[in-house]
There are 2 protein chains.
Amino acid sequence: MGKMELCPKIEAAMQLLGKRWMGLIIYVLLNGPQRFGQLESCLPISGKLLSERLKELEKWGIVKRQVYPEVPVRVVYELTERGKQMEPIISAIHQWAEHSFSEDDFPVEINKD
Amino acid sequence: MGKMELCPKIEAAMQLLGKRWMGLIIYVLLNGPQRFGQLESCLPISGKLLSERLKELEKWGIVKRQVYPEVPVRVVYELTERGKQMEPIISAIHQWAEHSFSEDDFPVEINKD
DNA sequence: ATACTTAATTACTAAAAGTAACTAAATATT
DNA sequence: AATATTTAGTTACTTTTAGTAATTAAGTAT
């Protein structure tokens, strides 16, 4: 059989984007640096998973974590250059979503299936 | 707290792309219609999950399933117009992956965390 | 002492993914 | 006639991942 080979780079990128919340986290961070609690409150994701995802993005060099040892500690996450370069991806997703779906009429129930 | 609202359309799109294998399945189908077995053999995904994902993509109107009741049955999957319109997304991912990673030097081991 | 805040982590449960064996339908082979 | 072959799935079962809620640490403030 043909067994077309997959480019390992796109395979890796897809593995990253193919994880729940990854895209949305990057989408939010494109609006500028955000602290942990801000991300947690504007995304429907638990602190545990958010923490895991941010660590992963840090390992990929997409996100930078900065700790300010203040009154209660402040931790700010921001995109690295590599992270900011993902803007065209998020933008393309946004555009596709905008013109593919009519206002609150989705092909499938969100959060179901 | 600010609690920036997420656009429901991009949220839906991210939920779709944020599922394992979705991006790669669309990526492969952008090369033209493929039968089930071809997809199964060129993607590192089991038949069970491939079947599930294709059903989901069908419900989203991204993929069309065509059955040819031949000798052994032949089932061909192809992108709909809405599916084909995802090309800029996949293309952006491809470009980002190409220039972000140096040859077989990934920030993180693929298939490991 | 006790309480409050943020950024996590831990223990536990629920859901999703992965694996391998199995099925259906139509033929082809022994 | 019985057995094998092919494709596109499905089923039963195990492992991994996600989700929830309670807990922790550090530094104030009451």
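Below, chain A is the first sequence line, B the second, and so on; all start at residue 1. Predicted model, so just to flag it, every value in this text is computed and none were measured. What you see below is based on every heavy atom in this structure, not just the backbone, and it leaves out hydrogens, waters and symmetry mates.
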Whole-Å gap separating [atom2] ([N]) and [atom1] ([X]):
{"X": "B/Gln66", "N": "D/dA8", "atom1": "CD", "atom2": "C1'", "result": "16 Å"}
{"X": "A/Leu49", "N": "C/dA16", "atom1": "CG", "atom2": "P", "result": "13 Å"}
{"X": "A/Leu43", "N": "D/dG19", "atom1": "CG", "atom2": "P", "result": "12 Å"}
{"X": "B/Ile45", "N": "D/dT10", "atom1": "CD1", "atom2": "P", "result": "13 Å"}
{"X": "A/Leu50", "N": "C/dT6", "atom1": "CG", "atom2": "P", "result": "15 Å"}
{"X": "A/Arg74", "N": "D/dG27", "atom1": "CZ", "atom2": "P", "result": "16 Å"}
{"X": "A/Gln38", "N": "C/dA8", "atom1": "CD", "atom2": "C1'", "result": "16 Å"}
{"X": "A/Glu40", "N": "C/dA7", "atom1": "CD", "atom2": "P", "result": "8 Å"}

Answer yes or no: does a side-chain N or O of [X] lie under 4.0 Å from OP1 or OP2 of [N]?
{"X": "B/Arg65", "N": "D/dG9", "value": "yes"}
{"X": "B/Arg53", "N": "C/dA17", "value": "yes"}
{"X": "A/Lys19", "N": "C/dA16", "value": "no"}
{"X": "B/Trp21", "N": "C/dA16", "value": "no"}
{"X": "B/Arg35", "N": "D/dA8", "value": "yes"}

- What is the nucleic acid contact for B/Tyr68, judged by heavy atoms within less than 4.0 Å: base, sugar-phosphate only, or nothing?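 No contact.
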- Hey, does B/Ser46 reach any base, or is it just sugar-phosphate, or nothing, if we go heavy atoms under 4.0 Å?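 Base, at least one base atom sits under 4.0 Å.
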- Query: Charged N to carboxylate O below 4.0 Å: is that the case for A/Lys9 and B/Glu98?
  - Reply: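 Looking at A/Lys9 and B/Glu98, the cut-off is met.
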- Message: Tell me whether B/Glu56 is salt-bridged to B/Lys59, with the criterion being a basic N under 4.0 Å from an acidic carboxylate O.
- Response: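 Salt bridge: no.
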Is there a donor-acceptor contact under 3.5 Å from the side chain of [X] to the main chain of [Y]?
{"X": "A/Ser100", "Y": "A/Ala97", "value": "no"}
{"X": "B/Arg82", "Y": "B/Trp60", "value": "yes"}
{"X": "A/Thr80", "Y": "A/Lys64", "value": "no"}
{"X": "B/Gln95", "Y": "B/Ala92", "value": "no"}
{"X": "B/Arg74", "Y": "B/Gln66", "value": "no"}

- Query: Can the ring centroids of A/Trp21 and A/Tyr27 be said to lie less than 6.0 angstrom from one another?
  - Reply: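 Not under 6.0 Å, so no.
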- Message: My understanding is that only one of B/Leu79, B/Leu29, B/Ile26 makes a side chain to side chain contact (heavy atoms under 4.5 Å, CB included) with B/Met86; could you say which?
- Response: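 With B/Met86 as partner, B/Leu79, B/Leu29, B/Ile26 yield a single side chain to side chain contact (heavy atoms under 4.5 Å, CB included), made by B/Ile26.
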- Query: Of the nucleotides C/dA8, D/dT10, D/dT17, which has the atom closest to the A/Val75 side chain?
  - Reply: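 Of the candidates, C/dA8 comes closest.
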- Item | Earlier contact from the 5' end, DNA chain C, for A/Val73 and A/Glu52 |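 Residue closer to the 5' terminus by nearest nucleotide: A/Val73.
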- Message: Below 30° counts as parallel, above 60° as perpendicular, anything between as tilted: where do the rings of B/Tyr77 and B/Phe36 land?
- Response: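 Plane angle between 30° and 60°, so tilted.
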- Query: Want to settle it: does B/Ser51 or A/Gly47 sit nearer the 5' end of DNA chain D, counting the closest nucleotide to each?
  - Reply: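 Nearest nucleotide further toward 5': that of B/Ser51.
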What's touching nucleotides 10-14 of chain C from the protein side, N or O pairs under 3.5 Å?
none

- Query: In degrees, rounded to 10°, what is the bend between the two ends of the helix from C/dA1-D/dT30 to C/dT30-D/dA1, using five pairs at each?
  - Reply: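 The angle, to the nearest 10 degrees, is 40°.
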